[in-house]
Amino acid sequence: MKRIPKGRVTTYKIIAERLGCRAYRAVGNACRRNPNPPVIPCHRVVGSDGGIGGFGGETSGSKIRKKIRLLEEEGVEVKNNKIVNFDRVLCRL
DNA sequence: GCTTTGACTCTCG
DNA sequence: TCGAGAGCCAAAG
């Protein structure tokens, strides 16, 4: 996750694939638990559909909004918690 | 040690 | 196109 270049995003699926498993949920779990908040850019990890996902009911809350803002700052367009230019910013690693 | 749940994904109806 | 079900891995109860 830390290898995700700035201005790019990836999906849980891809991360799991890179891990050699299908632990999509485990990845999301690790993010949710976020063992290392400062070094883990969870906001750069999205769903296969380019959606940030549902977040503890804060899908449209302030925490997500901030991450969205961060992505936009990096050049990732986000609309309604979804990656707009998903194909362009998606990092397949 | 087994069961439940989760920021997931895929397939079928 | 949308909803429901199954599969997957890991952490918490």
Side-chain angles (χ1 to χ4, degrees):
Chain A
M1 193 182 285
K2 291 186 292 188
R3 339 190 279 187
I4 304 174
K6 180 167 154 303
R8 290 287 187 82
V9 296
T10 190
T11 71
Y12 298 100
K13 181 178 188 260
I14 292 175
I15 294 176
E17 286 289 309
R18 296 292 65 72
L19 293 176
C21 298
R22 266 104 358 235
Y24 315 114
R25 319 217 301 219
V27 176
N29 219 329
C31 269
R32 184 168 64 81
R33 298 291 180 197
N34 213 340
N36 300 42
V39 303
I40 306 295
C42 305
H43 58 279
R44 286 186 193 155
V45 185
V46 299
S48 60
D49 63 340
I52 304 300
F55 221 108
E58 295 285 345
T59 51
S60 302
S62 52
K63 355 183 188 180
I64 299 298
R65 289 271 173 88
K66 214 153 70 154
K67 295 181 178 187
I68 302 294
R69 211 59 41 78
L70 226 48
L71 288 170
E72 292 179 330
E73 287 293 313
E74 296 179 0
V76 180
E77 277 189 69
V78 181
K79 205 66 72 178
N80 195 1
N81 302 328
K82 292 282 200 305
I83 306 297
V84 179
N85 45 358
F86 190 44
D87 296 321
R88 283 189 286 175
V89 297
L90 177 59
C91 181
R92 276 164 257 275
L93 303 178

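To find a chain, count down the sequence lines: A is the first, B the second, and so on, and within it residues start at 1. Just so we're clear, the structure is a prediction, and the values are computed from it rather than from any experiment.
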Length of the CD-C1' vector between A:E17 and C:dG7, whole Å: 14 Å

Looking only at the side chain of A:N29 (C-beta and beyond, no hydrogens), which of the listed nucleotides C:dA10, B:dA7, B:dT9 gets closest? C:dA10

Separation of B:dT11 P from A:R22 CZ (nearest whole Å): 13 Å

Please give, in whole Å, the distance from B:dC8 C1' to A:N81 CG? 17 Å

Set out, in order, the CA-CA distance, both residues' side-chain angles and the distance that settles side chain to side chain contact (heavy atoms under 4.5 Å, CB included) for A:V89 and A:V84, then state yes or no. CA-CA 9 Å; A:V89 297; A:V84 179; over 6 Å; no

Pairs meeting criterion side-chain hydrogen bond (donor to acceptor under 3.5 Å, both in side chains) with involvement of residues 1-16 of chain A, two or more places apart: none

Which part of the nucleic acid does A:A23 contact within heavy-atom distance under 4.0 Å: base, sugar-phosphate only, or nothing? sugar-phosphate

Of all heavy-atom pairs between A:G47 and A:F86, which one has the smallest distance, and what is that distance? O-CZ, 3.9 Å

What integer distance in Å separates A:D49:CG from B:dC10:C1'? 13 Å

Would you say A:I68 and A:H43 make side-chain contact, with heavy atoms under 4.5 Å? no

Provide the closest heavy-atom pair for A:P41 versus A:M1 in the form atom of the first, atom of the second, distance. CG-O, 3.8 Å

To the nearest angstrom, the CZ-P distance between A:R25 and C:dC8 comes to 11 Å

Could you identify which residues of residues 7-15 of chain A place a heavy atom less than 4.0 Å from some atom of DNA chain B, listed by residue number, or say none? A:Y12, A:K13

Whichever of A:A26 and A:S48 has the more 5' nearest nucleotide on DNA chain B, that residue is A:A26

Sort and list the pairs that fulfil side-chain hydrogen bond (donor to acceptor under 3.5 Å, both in side chains) and have at least one residue in residues 82-93 of chain A, not counting sequence neighbours. none

